[in-house]
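Here the structure is laid out as structure tokens; the discussion comes afterwards.
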Amino acid sequence: MTRTYITTTLPYVNARPHLGFGLELVQADVLARHRRLRGDEVRLQTGTDDNALKNVLAAEAAGVGVREFVDRNAEAFVALAGTLGVAADDVIRTSRDPRHRAGVERLWRACAASGDLYRRHYEGLYCVGCERFYAEEELREGRCPEHGTRPGLVAEENWFFRLSRYGERLRELIETGRLRIEPAERRNEVLGFIAGGLEDLSVSRSQARARGWGIPVPDDPDQVVYVWWDALGNYVTALDFGTDGEAYERWWTGSDRRLHLLGKDVLRFHAVYWPAMLLSAGLPLPTEIYAHGHLTVANRKISKSAGTGVDPEALVAAYGVDPVRWWLLREVPRSGDADFTVDRLIARTNDELVNGVGNLISRVTAMVAKYRDGRVPETPADAPALEAACRQTPDLVDAALADLDFRRATAAVWAIVDAANRHIDETRPWALARRGAPAATALDATLAALVRACRTLARELTPFLPTTATAIAHRLTPASDGRLRPQGHLFRRLSPAQPASEAAPV
RNA sequence: GGGGCGGUAGCUCAGCCGGUCAGAGCAGCGGACUCAUAAUCCGUAGGUCGUGGGUUCAAGUCCCACCCGCCCUACCA
């Protein structure tokens, strides 16, 4: 049995969550549920990054206290995980969780003990949006290339981390695959960055510039720990690293896979800074890093700051959890960006969930009710193609998800739906029913095979569409009288004109 | 400027080390069927595989140049 620790990034909570973060949550959830289904020990963790300076600025802009502002937004992020059906084992809040501060302090001291932290005067242009310094040449007409804002001149003495010491070791770890970075383009990107030479990194801010928000540097209360140091640390602080808890031994040191999911925009922090911090502290590294692409909405970049994007909560309320999950898993490529539109969501839902699974379950249960009074026959099946699909699907799903290819994985599950529909057409149960007694065994065999296949389908669908999978299993479970009970539609057909909340699965 | 990744049927995309690789799904068209949510099943795609060269008996599949898009990185060789 393998033990897997999966994390999402901690989004900074300067605004409400958008669909892009939903993508990461759902991907992480699928991986976690999949491994659990296969019998592995899994821990899935998410949370919020509360300590970013831009949270402070956003709070000031909103005229709200930082504490209140951060708490409010953080709740929305935590709620989103629930809305999307994400079964997280743990949620950490970096500004509130007592585990976190203790862990960050311990991590800091460990690096200090390695001689990797030192004070240095620094002067530079700082973009709060990026939470990083920029060189003059990196700017576009004096503005941050990411945010279009003018970075402020900052001059102060900060703590620096000797990142420069770790380039060679990181390169080797990545090249040998001990630290796997996917997709390959991202891995190349990281290697390229490392090859360009690593410079020491500023890892603290003055208390004044941080507006007193954040985690104080151990033994230097005038400084606040750089928010990225703080945020990255969550992957171990949530495991009680600070208090040397058993969760740390179990899930970090003792796990077979330590997988970080993140957006391509924060790749460097996860693939360079974080592993370097761990090397310095003498801790094991993550084993895998998967950087997903970004979502656009109707070909426009999603931005919390700019307010473009769609509200995942509203989307789920209007169309249902599983349609939204299905879209995210089915249409977002393993590598590269994807464009979301409501039309695509609707088309995908109607084509596959409604006409595909929904209709299949509906026709199978209807036939069992109609021809066998709701009793599922136990007759041995004679459905080689259908059985082959059911047998092969799990392996194909496993392989696809090992490659972090959610599209391929969902396509693999679909083989069962297709094979089942084809089997119905080939055996023509309605014709068998008309022939009566002489064809009774054949009809029983067909129905039995179909119900069995649908049960397998439900099982394999579990990681992707947990709500639907449960509903299917329920429909295929006989009531106390030994009969399947007739129930309504699994999915309602969506229409652009009338999205409405009734679209949610029963 | 350097580097990376894309540009394949209307749409979304598969095509690893060159030789059934010219494909899948959706849309469209034709047909079948009626158990089912006008669902399902079968047939149908003649697309210069971004452009132009080159290597090879053979190239979306390798090489070069160029165009377009995105990304990383950097400025001068």
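This structure is a prediction, so every number in the text was calculated from the model and none was measured. First the proteins, then the strands, lettered A, B, ... as listed; each starts at 1.
For the C1' atoms, the distance from A14(B) to G6(B) is 15 Å, rounded to whole Å. Distance check on atom P: C11(B) versus C72(B) gives 27 Å, rounded to whole Å. Atom name P, nucleotides G1(B) and U48(B): the rounded distance is 32 Å, in whole Å. For the C1' atoms, the distance from C49(B) to G23(B) is 11 Å, rounded to whole Å. Distance noted for atom P between G60(B) and C16(B): 13 Å (whole Å). Rounded to whole Å, the separation between the C1' atoms of U61(B) and U55(B) comes to 14 Å. Straight-line distance between the P atoms of C21(B) and A59(B): roughly 16 Å, to the nearest whole Å. Comparing C13(B) with C5(B), their C1' atoms are spaced 16 Å from each other, to the whole Å.
Rounded to an integer number of Å, the gap from CH2 of Trp326(A) to P of G25(B) is 16 Å. Spacing between atom CD of Glu189(A) and atom P of G4(B) amounts to 12 Å, rounded to whole angstrom units. Separating the NZ atom of Lys264(A) from the C1' atom of G6(B) is a distance of 11 Å, rounded to the nearest angstrom. Spacing between atom CD of Glu426(A) and atom C1' of U34(B) amounts to 17 Å, rounded to whole angstrom units. In this structure, Asp444(A) atom CG and C35(B) atom P are separated by 18 Å, rounded to whole Å. Here G3(B) presents its P atom at 21 Å from CG of Leu267(A), a figure rounded to the nearest Å. If you measure from atom CG of Leu191(A) to atom C1' of G3(B), you get 13 Å, rounded to the nearest angstrom. One interatomic measurement links the two molecules: CD1 of Ile194(A) to C1' of G3(B), which rounds to 15 Å at whole-angstrom precision.
Judged purely by atom type and a 3.5 angstrom limit, Asn355(A) uses its side chain to pair as donor or acceptor with the backbone of Asn350(A).
Across all strands shown, U20(B) forms no Watson-Crick or G-U wobble pair with both key distances under 3.5 Å. Across the strands present, C29(B) finds its partner in G43(B); the criterion is a Watson-Crick or G-U wobble pair with both atom distances under 3.5 angstrom. Using Watson-Crick or G-U wobble geometry with both donor-acceptor distances under 3.5 Å, A59(B) finds no partner in any strand shown. With a 3.5 Å ceiling on both atom-pair distances, the Watson-Crick or G-U wobble partner of C5(B) is G69(B). With a cut-off of 3.5 Å on both Watson-Crick or G-U wobble distances, the partner of C49(B) is given as none. Under the Watson-Crick or G-U wobble criterion, with both distances below 3.5 Å, C76(B) is left unpaired in every strand shown.
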Item checked: Under 4.0 Å protein heavy-atom contacts per nucleotide of nucleotides 37-43 of chain B, with B for base, S for backbone only and - for none -> B-SSSS-
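Contact annotation: Lys370(A) side-chain N/O to A36(B) OP1/OP2 distance is under 4.0 Å.
Ring-centre distance between Phe406(A) and His34(A): not below the 6.0 Å cut-off.
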Could you list all N or O pairs between the protein and nucleotides 7-15 of chain B that sit under 3.5 Å apart?
{"residue": "C13(B)", "atom": "O3'", "partner": "Arg407(A)", "partner atom": "NH2", "Å": "3.3"}

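For the ring pair (Phe, Tyr, Trp, His ring centres under 6.0 Å) with Trp274(A), the qualifying choice from Phe161(A), Tyr235(A), Trp228(A) is Tyr235(A), the only one to do so. Looking at Asp116(A), Leu173(A), Ile194(A) one by one, the single match for side-chain contact (heavy atoms from CB on, under 4.5 Å) with Tyr166(A) turns out to be Asp116(A).
Residue whose closest nucleotide on RNA chain B sits further toward the 5' end, between Asn188(A) and Met367(A): Asn188(A).
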Without placing hydrogens or testing angles, list every side-chain donor-acceptor pair under 3.5 Å for residues 372-379 of chain A, not counting sequence neighbours.
{"residue": "Arg372(A)", "atom": "NE", "partner": "Asp444(A)", "partner atom": "OD1", "Å": "2.5"}
{"residue": "Arg372(A)", "atom": "NH2", "partner": "Ala440(A)", "partner atom": "O", "Å": "3.3"}
{"residue": "Arg372(A)", "atom": "NH2", "partner": "Asp444(A)", "partner atom": "OD1", "Å": "3.2"}
{"residue": "Asp373(A)", "atom": "OD2", "partner": "Arg483(A)", "partner atom": "NH2", "Å": "2.9"}
{"residue": "Arg375(A)", "atom": "NH1", "partner": "Asp481(A)", "partner atom": "O", "Å": "3.3"}

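Closest non-hydrogen pair, Tyr118(A) versus Arg120(A), comes out as OH-NH1, 3.1 Å. Contact record, Ala271(A) with Ile181(A): CB-CD1, 3.8 Å, taken as the closest heavy-atom pair.
Looking at heavy-atom distances under 4.0 Å, Arg187(A) makes no contact with the nucleic acid at all.
Base orientation at G60(B) is syn, since its O4'-C1' glycosidic dihedral falls within 90° of 0.
A salt bridge between Asp403(A) and Arg334(A) is absent, with no side-chain N of the basic residue lying under 4.0 Å from a carboxylate O of the acidic one. One finds no salt bridge joining Glu460(A) and Arg391(A) here, because no Lys/Arg side-chain nitrogen approaches an Asp/Glu carboxylate oxygen to under 4.0 Å. Using a 4.0 Å cut-off between charged nitrogen and carboxylate oxygen, Arg452(A) and Glu387(A) do not count as a salt-bridge pair.
Proximity of Gln27(A) to Leu404(A): side-chain heavy atoms (C-beta onward) are nowhere separated by under 4.5 Å.
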